[in-house]
K.L.:
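Submitted below is the structure of interest, expressed as structure tokens.
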Number of protein chains: 2
Amino acid sequence: MKFSKATNYALHTMLYFVVTDPKQQLGVQPLAEKMEISPTYLSKILTQLVKAGLVESASGAKGGYRLPRGWESISFLDIIHAVEGPVSLFDGCLNDNPECMVKQVMVSAEDKMEEELKQRTLADFAESAPAAL
Amino acid sequence: MKFSKATNYALHTMLYFVVTDPKQQLGVQPLAEKMEISPTYLSKILTQLVKAGLVESASGAKGGYRLPRGWESISFLDIIHAVEGPVSLFDGCLNDNPECMVKQVMVSAEDKMEEELKQRTLADFAESAPAAL
DNA sequence: TCTATTATAGATATAATAACTCTTTTATAG
DNA sequence: CTATAAAAGAGTTATTATATCTATAATAGA
Ligand code: SF4
Ligand code: SF4
């Protein structure tokens, strides 16, 4: 019952994009070194973010990654969902009773968490946390 | 990023105690049959609940499990914590900066979820959901 | 005390998932 | 054409979840 390391890497990577320069193309090597993981692994995570539209990539020489226009409104939840997939904290419900309050409680709890994660966007970090990473 | 099956079993077991008879001693076999898992496995989960003080157990003949006095105020969060341990959705933070907003966001999101889970107690299910399980 | 019953503990096996690596392919600037 | 960098795919290892089996401890009742 915790977020994967991949999600961690994704969050930190996105934040790093913000605190450096959202416009500039950035290769995967410097990022990988910062977090001490292999470039190919991080690349795989970044590809997930690309597919979710949370970063832009450019192949070939002088290529790299950068934030897309509109990056300011990307939320924590967006990033988490991009990496973890559509998570539902509560699964394995056999007799699928829609009235069941157990499910309702769990779903509502998850919603509360997601609400919070949705409200926090990269814009919040543009000024406030340049020293974080 | 989801709750374990064990947590599921624990929640359903607790609910089952409520909808049947909170006072009566109940062996592990009937419960295990209901959820189609082995008695020893469920027993292990129940033992965790016992250690957390969420159920009472009695060894020996005519023994079994039952809810303790004050069971009405046991919350979903109590049960989850008893089985999952002290979970923190966000770990693997290396340079432990207490000012870090990333951590703050994640912790606050988790808090929101836990608040909700804390407010839902077994008492809510005493009348409302006798047909759930 | 003896026996049947029931929880507890420990060791172990299996399965599933996460975490990571290596290799190959595709794309592009110069 | 070539150097560079991302994307894709296959495969490996590590970790954790899930579950079972066996043995031990406790207790009520005969
Ligand atoms: S009690 Fe609710 S959550 Fe559990 S199996 Fe039934 S419908 Fe699903
Ligand atoms: S940026 Fe924040 S969450 Fe990430 S390692 Fe640093 S202190 Fe921890």
Side-chain angles (χ1 to χ4, degrees), chain A residues 1-13 17 24-33 35-68 80 82-92 94, chain B residues 1-10 12-13 17 24-33 35-68 80 82-85 87-92 94:
Chain A
M1 177 42 195
K2 61 182 184 50
F3 288 111
S4 67
K5 286 190 178 182
T7 296
N8 249 330
Y9 297 142
L11 283 172
H12 282 86
T13 301
F17 280 133
Q24 189 178 342
Q25 288 280 20
L26 213 82
V28 77
Q29 281 95 342
L31 288 164
E33 281 169 20
M35 324 199 196
E36 297 172 335
I37 58 175
S38 96
T40 29
Y41 184 41
L42 181 57
S43 166
K44 186 158 298 191
I45 295 167
L46 278 167
T47 299
Q48 291 184 278
L49 294 174
V50 168
K51 285 185 174 162
L54 305 183
V55 299
E56 284 179 350
S57 68
S59 286
K62 297 282 175 183
Y65 300 92
R66 69 174 168 182
L67 296 178
I80 292 169
V83 178
E84 303 253 343
V87 287
S88 185
L89 292 188
F90 188 66
D91 71 342
L94 298 176
Chain B
M1 179 39 194
K2 59 183 186 48
F3 289 111
S4 69
K5 285 189 178 184
T7 297
N8 248 331
Y9 297 141
H12 281 87
T13 301
F17 281 133
Q24 190 178 341
Q25 288 279 20
L26 212 82
V28 78
Q29 281 94 342
L31 289 165
E33 282 168 21
M35 323 200 198
E36 297 173 333
I37 57 175
S38 95
T40 32
Y41 183 42
L42 181 57
S43 165
K44 188 158 296 191
I45 295 167
L46 279 167
T47 300
Q48 291 184 277
L49 295 174
V50 169
K51 286 186 175 163
L54 305 184
V55 299
E56 285 179 349
S57 68
S59 285
K62 297 281 174 185
Y65 300 93
R66 67 173 169 184
L67 296 177
I80 292 169
V83 178
E84 302 253 343
V87 285
S88 186
L89 293 189
F90 188 65
D91 72 342
L94 299 176

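Just so it is clear: chains get the letters A, B, ... in the order the sequence lines come, proteins before strands, and each one is counted from 1.
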K.L.:
Applying side chain to side chain donor-acceptor pair (under 3.5 Å), name anything that partners Ser4(B), two or more places apart in sequence or on another chain.
P.N.:
Thr7(B), Glu84(B)
K.L.:
If the sugar-phosphate is the primed atoms plus P, OP1 and OP2 and the base is the rest, what is the B/S/- string for nucleotides 24-30 of chain D, using protein heavy atoms under 4.0 Å?
P.N.:
--BBB--
K.L.:
Using every non-hydrogen atom in the two residues, find where Lys2(A) and Ser88(B) come nearest and quote the distance to one decimal.
P.N.:
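Looks like CB-O, 3.7 Å.
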K.L.:
Rounded to the nearest Å, what distance is computed from the CD atom of residue Glu33(A) to the C1' atom of nucleotide dA5(D)?
P.N.:
15 Å
K.L.:
Of all heavy-atom pairs between Val55(A) and Pro68(A), which one has the smallest distance, and what is that distance?
P.N.:
CA-CD, 3.9 Å
K.L.:
Closest approach of Ala10(B) and Ile45(B), non-hydrogen atoms and distance?
P.N.:
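That closest heavy-atom pairing would be CB-CG2, 4.0 Å.
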K.L.:
Looking only at non-hydrogen atoms, find the nearest pair between Val83(A) and Ala6(A) and report the distance.
P.N.:
CG1-CB, 3.8 Å
K.L.:
For side chain to side chain contact (heavy atoms under 4.5 Å, CB included), just list the numbers for Tyr65(A) and Val50(A), CA-CA rounded to whole Å, side-chain angles, deciding distance to a tenth of an Å, and then say yes or no.
P.N.:
CA-CA 9 Å; Tyr65(A) 300 92; Val50(A) 168; 4.0 Å; yes
K.L.:
Whole angstrom is fine here: how far is it from OH in Tyr65(A) over to C1' in dT4(D)?
P.N.:
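Between C1' of dT4(D) and OH of Tyr65(A): 13 Å.
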K.L.:
Closer than 3.5 angstrom, by distance alone: can the side chain of Asn8(B) be matched with the main-chain N or O of Phe90(A) as a donor-acceptor pair?
P.N.:
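A pair under 3.5 Å: no.
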K.L.:
From CD1 of Ile45(A) over to C1' of dC20(C), roughly how many Å is that when rounded to an integer?
P.N.:
10 Å
K.L.:
Using only atom types and a distance under 3.5 Å, with no angle test, would you say the side chain of Thr13(B) pairs donor to acceptor with the backbone of Tyr9(B)?
P.N.:
yes
K.L.:
Just by protein heavy atoms under 4.0 Å, how would nucleotides 15-22 of chain D read 5' to 3' in B, S and -?
P.N.:
---SBBBB
K.L.:
Determine whether Phe17(A) and Leu31(A) make a side-chain contact, defined as any pair of heavy atoms from C-beta on separated by less than 4.5 Å.
P.N.:
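They are in side-chain contact.
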K.L.:
Just to be sure I understand the rule, does Ser43(B) reach a base, reach only the sugar-phosphate, or reach nothing, if contact means heavy atoms closer than 4.0 Å?
P.N.:
base
K.L.:
Taking atom P of dC20(C) as reference, at what distance in whole Å does atom CE of Met35(A) sit?
P.N.:
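Roughly 12 Å, once rounded to whole Å.
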K.L.:
Send over the distance from Asp91(B) CG to dA18(C) P, rounded to a whole Å.
P.N.:
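Interatomic distance, CG of Asp91(B) to P of dA18(C): 14 Å.
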K.L.:
Find the distance Gln29(A):CD to dA5(D):C1' and express it as a whole number of Å.
P.N.:
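Distance, rounded to whole Å: 7 Å.
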K.L.:
Atom CD of Gln25(A) and atom P of dA5(D): how far apart are they, to the nearest Å?
P.N.:
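Checked: the CD to P distance equals 11 Å.
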